[in-house]
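Data block below; observations after.
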Amino acid sequence: MPEPLFERLALLGIGLIGSSVARIAREHGHIAREVVANARTQKTLDRVVHLGIVDRVELDPARAVAGADCVMLCAPVGAYAELAAAIAPHLAPGAILTDVGSTKQSVIRDLGPLVPDGVHFVPAHPVAGTEYSGPDAGFSTLFEGRWCLLTPPPGTDEAAVGKVAELWRRCGSLIETMEPAHHDRVLAIVSHLPHLLAFTICGTADDLADESRQQVLKFAASGFRDFTRIAASDPVMWRDVFLNNREALLEMLARFTEDAQAMARAVRWGDGSYIEDKILRGRKIRQSLIELKQA
Ligand code: NAP
């Protein structure tokens, strides 16, 4: 087994993502010699102690990061600025500060100015998840075969970027580096817009008159069921993603709305070949995902 990459890893936020990293560290021993967890509430930390997935818990984020050579923010992105302000004076010189947030320009905007000299800031986003949240939801195979996207600002220490990449490789991820703005546009279409549609369609169904609503639930076909799975995601996490990737999300939504209007027009005018062509494109995308083992 390789030596642990870090002496002490501090996880600030220990829900689905943080607890999955903690479980991997515990099971394989190749991430860090010691893992410290912080959460917003003592209740979550008590649960983490009960689960036995970290070495130590700290309710005070400043105490959690003291002496850590790697600090990973795993809280909703809207909480980052406050967390960063609380920990900045306590980060060890030479430490790596990284994160798992689903938006990257906002994270760089919020954290960048607060990172002390001598601390290496390496933003990252493991593109893996489920609709469940909290420390019970994590599992050690969550990142296997999934992409982890790194968006280091220009001039970031190469060795620090290499260590964060290696951490995610040891979690089973495939690594790619990209520009933060590009990351946010890509994720807006593959993840943020689909969530927006799922939340909206469930809201629309829920707005129907009582009688129809009951029929919707009773006869929910697989299409609607798949949307309800996505719509069961954590409200705070997704509120923060939408508000912190505003521009890219609104751009993709505008493009989607135009395309949906075109589809509506085809339905209205009985343009069967347009409809068939769009469905065929969807099938092709699904087939490509299966071939890339990302389905
Ligand atoms: P989660 O299961 O809801 O856990 C969030 C954790 O952050 C909890 O331990 C929570 O503590 C803590 N926290 C600290 N400050 C908080 C605050 N102000 N508000 C709410 N929680 C706060 O979340 P997650 O799914 O692991 O997501 C964590 C990060 O990973 C997010 O930035 C998200 O964008 C990113 N991400 C998520 C997914 C996904 O599919 N879920 C995938 C990739 C990346 P308490 O329990 O004490 O409240």
Side-chain angles (χ1 to χ4, degrees), residues 10-24 35-51 53-54 57-62 64-65 71-87 97-111 123-144 146-151 168 171-174 180 183-184 186-188 190-192 194-195 198-199 229-245 248-249 294:
L11 298 169
L12 300 193
I14 181 107
L16 170 69
I17 303 292
S19 77
S20 295
V21 174
R23 285 176 169 90
I24 295 165
V35 178
V36 183
N38 160 262
R40 187 177 43 155
T41 61
Q42 186 61 44
K43 189 168 167 242
T44 294
L45 293 182
D46 291 344
R47 184 64 197 155
V48 169
V49 170
H50 178 80
L51 292 169
I53 52 177
V54 301
V57 295
E58 291 285 356
L59 191 57
D60 177 1
V65 305
V71 173
M72 187 185 281
L73 298 189
C74 303
V77 289
Y80 275 19
E82 201 182 321
L83 270 175
I87 62 171
L97 174 64
T98 185
D99 81 303
V100 299
S102 308
T103 61
K104 294 276 61 96
Q105 290 179 106
S106 75
V107 166
I108 292 170
R109 176 200 69 204
D110 290 348
L111 295 192
H125 175 204
V127 186
T130 71
E131 66 276 28
Y132 301 109
S133 52
D136 285 275
F139 53 100
S140 61
T141 53
L142 176 62
F143 309 111
E144 259 169 37
R146 300 283 161 213
W147 288 100
C148 183
L149 307 175
L150 307 186
T151 62
W168 286 107
C171 290
S173 299
L174 310 163
H183 168 280
D184 287 358
V186 171
L187 269 292
V190 301
S191 170
H192 308 168
H195 277 82
F199 299 137
R229 184 189 63 72
I230 299 175
S233 302
D234 187 71
V236 173
M237 185 209 128
W238 281 100
R239 175 202 68 192
D240 285 2
V241 170
F242 287 6
L243 294 180
N244 284 282
N245 197 18
L249 178 57
Q294 296 293 319

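Atoms within a ligand are numbered from 1 in the order they appear, just like the ligands themselves.
- Residues that satisfy the ring-ring contact (aromatic ring centres under 6.0 Å, His included) test with Tyr80, not counting sequence neighbours, are absent from this structure.
- Ring geometry, Trp238 versus Phe242: the interplanar angle exceeds 60°, so the pair is classed perpendicular (tilted spans 30 to 60°).
- Ser191 pairs by the side-chain hydrogen bond (donor to acceptor under 3.5 Å, both in side chains) definition with nothing, not counting sequence neighbours.
- For ligand 1, the protein residues placed under 4.0 Å by at least one non-hydrogen atom are Gly13, Ile14, Gly15, Leu16, Ile17, Ala39, Arg40, Thr41, Thr44, Cys74, Ala75, Pro76, Val77, Ala79, Tyr80, Val100, Gly101, Ser102, His125, Pro126, Ala128, Gly129, Thr130, Ser133, Gly134, Asp234, Met237.
- Side chain to side chain, Asn38 and Glu58 fail the donor-acceptor criterion of an N or O pair below 3.5 Å.
- At a cut-off of 3.5 Å, with distance as the only test, a side-chain donor of Ser19 or Arg23 sits close to an acceptor on the other residue.
- Residues forming a salt bridge (Lys or Arg N to Asp or Glu O under 4.0 Å) with Glu131 (at least two apart in sequence, or on another chain): Arg229.
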